[in-house]
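Here is the structure we will look at.
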Amino acid sequence: MLEFKNVSYGWKDCEPLQRELCFHLRKGGILSVLGGNGSGKSSMLSVFTNPSMLSAGDIMINGAEFKNLSGRRLFSQLAVVAQNASAVYPFSVLDFVLTGWFPWLGVMGTPGKKEISGARDILRRIGIADWENRIVTTLSGGEFKLVQLARAMVGDRRLLLLDEVDGALDFANLVRLTDILCAFTENGGSVVLVTHNPNLALTLDSDVLILSRNLPYMLGRAADLIVPDILEEYFCVKVGQMISSETGCRQIIPHMHRQHA
Amino acid sequence: MKFAVRLGFLFLLLFVIGAVYLSMGSYRVSLSEFIDLVCGNGSDDARMVIFDIRLPRLLGAVCTGAALSLCGAVMQSIFNNPLVSPDILGVSSGAACGASVALICGGSAAAVFFSAFGFGMAAVLAAVLIASVAGNVRGTLLVLVLAGIVVSAFFSGIVELICAFNPRADEFPSILFFLFGSMTRITFDDLWILAPFLLVASLFLWKMSYALDVISLGETDAAGLGVPAVRLRYIVIAICSVICGIYIAKVGMIGWVGLIIPHMARLVMGVRHHFLIPSSMILGALFLTAVDLLCRNLLTYEIPVGIVTSLVGAPVFVVILCRNFRRIRSA
């Protein structure tokens, strides 16, 4: 579905943030991307919206080369949910989600009945159908993330690139997010999930990519990589873990007390 | 449906104000006389005042209000900033400079128009060029706004220089007249140029409503949906600059309309451009017609329309802001 071949990326005229990055995300897979602040997680997704950040290597999407895909053909296959988006104008939730159809409709297009029912369908699947007439500028950060996710899923896109969507979600919505993502991948969709929460990767039992400024990146299964030894090395904090007696799931706990060198 | 009803109501209001506009003034026509005139009867004097003098001016006010509001609405969207006015890139300062230069050189009315239009376009072009030299990929929009402010300041400086040295004292009132803006000079011949431009531009922009919706969500969102944002932005800037340029070159500087009317339109009809564009245009037409009606009738001599738009526009804007914020907070 998505393949990085020796990809180097970074801001134009600056040192690349990551070099020679290789991974293959299969159909129906989830790749959780972890790493400290400034390790190039968000920039990895920015490559899709700002191709000048790709300094070397190839990205393949469904067998087609990324460089050869134009805006609308590219974004009808994938959608990026950005970390820092905010709305200025008070659109309704439904109108906001309708903008997700842009790659199919184009500059001179107008969403019709088919697009509106498609958007409503997505809102229903996410469980926020009753938000349809709410105003996006009045939503809380977490609510807005879910609406952005709904827009990204419009049009049956098969690849979602999510930048810290879980950051602003409460517990209930975090569970809702995992349900949505599992259902999405069971239907053959693929997800790249940039997150600061290693437990989300464990819960989803996903592939994991850990990025760092100084260390080489690591790629593997969540069960193998999300362990205290590796996390301590990459995040430079003491990390513990516990196994829930009720669910049997392993969870990571960073030591939050102040550490004196 | 709700939209059509509201729009219909605004149209009706425009017709009523238009009728009042035509019948009121130093030559007053009663309602029955007015109906007579519309039916083709009535005195020749009254016919001349109503149809040859007031009607072109009324249509001029309608078109100018609609044009400035249309440009304001879409410029606020592409800049993703509700505080942008259509002359943010310096078109009106450039036009004022062009008009002043032509006036002190003793140019004819046509020369003043073309000089104002040319300088207006040059100002926008300068702003865009400065932004493309100074800007990098990130924050291009902010650089563009700053470049526009710089260019505006520069051209305003030239106008002030011309006024300060005042080489031909008898041209000074004409320059002031341009800076204040006025509907008095519009004739039917002008309307044949002004109106078709506005019609074509508004239909084109209206057809792009959905793309404008997407781009008004901001740069990050537009990029994440594959919108050719940069190209689209420059197309819209080009259209708006030409429209603003020809209207400002004709009627002079009229501030505030392009800034406040889109805000009102958003309150009345919502933010989708499919509704925002027509509602902005008709509200702008209503506003400028009403203001020009005041200008003609408030005092025994006429007040320049640009002054009244500022005097009326500023408090109206404050009311809108307060109401708008209260509404959003309580929602």
Side-chain angles (χ1 to χ4, degrees), chain A residues 11-13 42 45-46 48-53 69-92 94-96 98-112 115 133-139 148 151-152 154-155 157 161 163, chain B residues 73-74 76-84 136-138 140-141 203-233 235-236 262-263 265-267 269-276 324-331:
Chain A
W11 291 103
K12 226 176 168 182
D13 309 322
S42 297
L45 302 189
S46 302
F48 291 91
T49 52
N50 182 4
S52 70
M53 290 182 66
L69 290 169
S70 72
R72 282 169 60 187
R73 268 177 58 207
L74 178 66
F75 288 100
S76 58
Q77 299 190 44
L78 63 86
V80 180
V81 174
Q83 185 187 141
N84 52 1
S86 63
V88 173
Y89 295 109
F91 280 90
S92 75
L94 182 65
D95 289 335
F96 184 87
L98 280 174
T99 62
W101 288 102
F102 181 82
W104 289 270
L105 296 171
V107 172
M108 291 292 172
T110 306
E115 283 78 19
N133 292 318
R134 289 185 67 186
I135 303 299
V136 286
T137 44
T138 64
L139 297 177
Q148 283 177 286
R151 181 177 67 178
V154 146
R157 290 184 178 89
L161 309 171
D163 195 353
Chain B
V74 293
Q76 287 176 0
S77 299
I78 59 162
F79 278 101
N80 194 26
N81 183 342
L83 293 176
V84 160
N136 51 5
V137 179
R138 282 177 132 184
T140 330
L141 274 186
L203 285 177
F204 184 72
L205 289 169
W206 194 54
K207 192 82 184 65
M208 288 190 356
S209 292
Y210 176 63
L212 289 168
D213 285 351
V214 181
I215 207 170
S216 74
L217 295 173
E219 284 188 282
T220 336
D221 277 47
L225 292 168
V227 182
V230 176
R231 210 182 331 149
L232 212 58
R233 203 171 283 135
I235 291 172
V236 172
H263 284 266
R266 281 192 200 97
L267 277 186
M269 299 285 193
V271 287
R272 282 184 59 197
H273 289 76
H274 188 71
F275 304 132
L276 177 64
N324 213 1
F325 279 123
R326 210 174 303 148
R327 194 179 65 120
I328 285 175
R329 233 185 299 147
S330 63

Quiz item: What heavy-atom pair brings P82(B) and V88(A) nearest, and what distance separates the two atoms?
Solution: CD-CG1, 3.7 Å

Quiz item: Of all heavy-atom pairs between M208(B) and M108(A), which one has the smallest distance, and what is that distance?
Solution: CG-CE, 3.6 Å

Quiz item: Is F75(A) close to L225(B) at the side-chain level, that is, under 4.5 Å between some pair of heavy atoms?
Solution: no

Practice problem: Grab the two heavy atoms, one from Y210(B) and one from L105(A), that are nearest each other, plus how far apart they are. | Solution: CE2-CD1, 3.5 Å

Quiz item: Side chain, backbone, both or neither: which part of R151(A) has a heavy atom under 4.5 Å from chain B?
Solution: side chain

Self-check item: Heavy atoms of other groups near W206(B) CH2, more than 12 under 6.0 Å
Solution: no

Practice problem: Compare all side-chain heavy atoms of V107(A) with those of L232(B) and state whether any distance is below 4.5 angstrom. | Solution: yes

Practice problem: Apply the test side chain to side chain contact (heavy atoms under 4.5 Å, CB included) to residues Y89(A) and R272(B): give CA-CA distance (whole Å), side-chain angles for both, the deciding distance (0.1 Å), then the verdict. | Solution: CA-CA 9 Å; Y89(A) 295 109; R272(B) 282 184 59 197; over 6 Å; no

Self-check item: Leading residue by heavy atom contact count with chain A [cutoff under 4.5 Å; candidates L217(B), T220(B), I215(B)]
Solution: L217(B)

Exercise. Name the member of A87(A), G109(A), A79(A) that forms the most heavy-atom pairs with chain B at distances under 4.5 Å.
Key: G109(A)

Quiz item: Side-chain contact, heavy-atom cut-off 4.5 Å: F96(A) with D221(B)?
Solution: yes

Exercise. Name the region of S209(B), side chain, backbone, both or neither, that has any atom closer than 4.5 Å to a heavy atom of chain A.
Key: neither

Quiz prompt | Exercise: identify the closest heavy-atom pair between F102(A) and G226(B) | solution = CE2-O, 3.7 Å

